[in-house]
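See structure below.
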Amino acid sequence: MLRPTSSTGRGKGFHVLPRRWVVERTFAWISRRRRCARDYERRLDHHEPMVHWAAIIQMTRHRARLL
């Protein structure tokens with residue numbers, strides 16, 4: 001994501017926001033799970049646990065690769 005530098009006072013043009021790729025990568029990992037890729041859940045209180053499960057699965061697989 002680019003932000004105009006006139007608001008930051010650093011000069012003309014655009015500068016890349018730092019570490020934005022971390023957020024985008026995390027969203028991509030979560031959306032790879034089938035139930036998070038589409039709007040299967042109609043209620044937020046049903047969808048939220050699916051997002052949590054997707055994050056837990058991703059973290060445990062990543063952790064297993066490190067060990």
Side-chain angles (χ1 to χ4, degrees):
M1 184 84 186
L2 299 176
R3 173 175 42 182
T5 57
S6 60
S7 64
T8 60
R10 288 192 243 168
K12 293 185 177 183
F14 289 91
H15 292 281
V16 177
L17 291 175
R19 303 206 28 107
R20 172 68 183 240
W21 61 273
V22 174
V23 175
E24 297 295 331
R25 180 189 63 191
T26 305
F27 288 155
W29 284 343
I30 289 173
S31 66
R32 281 195 298 192
R33 305 292 169 236
R34 183 179 66 85
R35 288 186 69 170
C36 294
R38 303 284 184 271
D39 293 330
Y40 289 124
E41 312 300 331
R42 293 179 186 251
R43 295 177 44 188
L44 183 60
D45 59 335
H46 291 177
H47 182 68
E48 187 178 2
M50 294 301 122
V51 172
H52 284 237
W53 275 110
I56 290 169
I57 290 169
Q58 184 62 39
M59 285 188 289
T60 54
R61 288 183 179 175
H62 178 72
R63 185 77 174 156
R65 278 183 278 159
L66 294 177
L67 297 178

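The chain is numbered in sequence order, starting from 1.
Closest non-hydrogen pair, Thr26 versus Val22, comes out as OG1-O, 2.8 Å.
Through side-chain heavy atoms spaced under 4.5 Å, either directly or across other Ile, Leu, Val, Met, Phe, Trp or Tyr residues, Trp29 is tied to no other residue. Grouping Ile, Leu, Val, Met, Phe, Trp and Tyr by side-chain contacts under 4.5 Å, direct or through others, leaves Ile57 on its own. Residues Phe27 make up the rest of the hydrophobic cluster containing Val23, defined by ILVMFWY side-chain heavy atoms closer than 4.5 Å, directly or through other members. By the 4.5 Å side-chain criterion applied to Ile, Leu, Val, Met, Phe, Trp and Tyr, Met50 is assigned to no cluster and stands alone.
Residues meeting the side-chain contact (heavy atoms from CB on, under 4.5 Å) test with Trp21, sequence neighbours left out: Arg19, Arg25. For His52, the side-chain contact (heavy atoms from CB on, under 4.5 Å) partners two or more places apart in sequence, or in a different chain, are Glu48. For Arg61, the salt bridge (Lys or Arg N to Asp or Glu O under 4.0 Å) test picks out no residue, with sequence neighbours left out. For Arg42, the side-chain contact (heavy atoms from CB on, under 4.5 Å) criterion is met by no residue, not counting sequence neighbours.
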